[in-house]
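I have placed the structure first, in the form of structure tokens, so that the comments after it can refer back to it.
Nothing here was measured: the structure is a model prediction, and the numbers come from that model. Just so you know, residue 1 is the first one in the sequence shown, and it goes up from there.
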Amino acid sequence: MSLEQQISTGIMAAMKAGDKVRLSALRNVKKYIIEAKTAGPGITELTDDEVMKILSKLAKQGSDSAQIFTEQNRPDLAGEELAQVAVFKEFLPQQMSAQELEEALKAIIAETGASSMKEMGKVMGVATKRLAGRAEGKEIMNKVKELLA
């Protein structure tokens, strides 16, 4: 079952269970999926990778919003955002630990032959594609800088 079908099934299950937070989060994902399908001619189905990008983007936006709400002393709104982020993360692959990320990046650096900060772009290009959905871009960038310095 594709990720898109799992989300549709999740919407029905949330409706039956009366889970408003889950229903709202999954409907939001479905909205972005439909928008992506109608963005260009001939797009009838999104790949799981494309759906994962949508989920990652929504999870990051929700986390950022929750942080802002917390800073503005609005724990009620921050809680809502974090609850939706938890739903998004159910469909995303497990995030890499710091050690796993470092090992993967060392392998990519060795593979690309990078030895200085001048070649960071080469490493980042490979790393962001290979580690998409399993590590945030900012974390990847910081670790690559540390390893190449």
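Atom-to-atom distance recorded for Ile7:CD1 and Met12:CE is 12.5 Å, nearest 0.5 angstrom. Within the model, atoms CG of Leu58 and CZ of Phe88 stand 4.5 Å from one another, a figure rounded to the nearest 0.5 Å. Distance CE/Met120 to CG/Leu147: 10.5 Å, rounded to 0.5 Å. Note: Lys122 NZ to Leu148 CG = 10.5 Å, rounded to the nearest 0.5 Å. Atom CD1 of Ile140 is separated from atom CZ of Arg130 by 11.5 Å, given to the nearest 0.5 angstrom. Between the CE atom of Met15 and the CG atom of Leu26 there is a distance of 11.5 Å, given to the nearest 0.5 Å.
Legend: residues meeting side-chain hydrogen bond (donor to acceptor under 3.5 Å, both in side chains) with Glu80, ordered by chain and number and at least two apart, are absent.
Ion pairing between Glu111 and Lys106 fails under the 4.0 Å rule for side-chain N and carboxylate O. Salt bridge present: Arg22 and Glu90 bring a charged side-chain N and a carboxylate O closer than 4.0 Å. A salt bridge is absent between Lys53 and Glu50: the closest approach of a Lys/Arg side-chain nitrogen to an acidic carboxylate oxygen does not fall below 4.0 angstrom. Using a 4.0 Å cut-off between charged side-chain N and carboxylate O, Asp64 and Lys60 make a salt bridge.
Cluster annotation: Met96 is not connected to Leu55 through the hydrophobic network of ILVMFWY side chains, with a link wherever side-chain heavy atoms come within less than 4.5 Å. In this structure, Tyr32 is a member of the same hydrophobic cluster as Leu46, with clusters built from ILVMFWY side-chain heavy atoms closer than 4.5 Å. Hydrophobic clustering, with ILVMFWY side chains joined whenever heavy atoms are under 4.5 angstrom apart, keeps Val85 apart from Phe91. Linking Ile, Leu, Val, Met, Phe, Trp and Tyr whenever their side-chain heavy atoms come within less than 4.5 Å leaves Ile11 and Ile34 in two separate clusters. Cluster membership check: Leu105 shares its hydrophobic cluster with Met141, using side-chain heavy-atom separations under 4.5 Å among Ile, Leu, Val, Met, Phe, Trp and Tyr.
No side-chain donor-acceptor contact under 3.5 Å links Asn28 to the backbone of Ser24. With hydrogens and angles disregarded, no donor-acceptor distance shorter than 3.5 Å links the side chain of Glu103 to the backbone of Glu100. Between the side chain of Thr128 and the main chain of Met124, a donor-acceptor pair closer than 3.5 Å is present.
Around atom NZ of Lys37, more than 12 heavy atoms belonging to other residues, nucleotides or ligands sit under 6.0 Å away. Within a 6.0 Å radius of CD in Glu35, more than 12 heavy atoms belonging to other residues, nucleotides or ligands are found. Annotation: Gln5, atom CD; neighbour count of heavy atoms from other residues, nucleotides and ligands within 6.0 Å is above 12.
No hydrogens or angles considered: nothing links the side chains of Thr112 and Glu119 as a donor-acceptor pair under 3.5 Å.
A pairwise comparison of heavy atoms in Ala127 and Ile108 identifies CA-CD1, 3.8 Å as the closest pair. Summarising the geometry of Ala66 relative to Ala78, their closest heavy-atom pair is O-CB, 3.6 Å, with the distance given to 0.1 Å.
If you run side-chain contact (heavy atoms from CB on, under 4.5 Å) between Leu101 and each of Glu139, Glu136, Arg134, only Glu139 comes through.
Using a 4.5 Å heavy-atom threshold, the side chains of Pro75 and Thr70 count as separate. By the 4.5 Å heavy-atom criterion applied to side chains, Thr47 and Leu3 are not counted as neighbours. Considering only heavy atoms from C-beta on, Glu4 comes within 4.5 Å of Lys30 through its side chain. With a 4.5 Å cut-off on side-chain heavy atoms, Glu81 and Ser63 do not count as touching.
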Quick one: do Ser56 and Leu92 satisfy side-chain contact (heavy atoms from CB on, under 4.5 Å)? Show the steps, please.
CA-CA 7 Å; Ser56 295; Leu92 291 171; 3.5 Å; yes

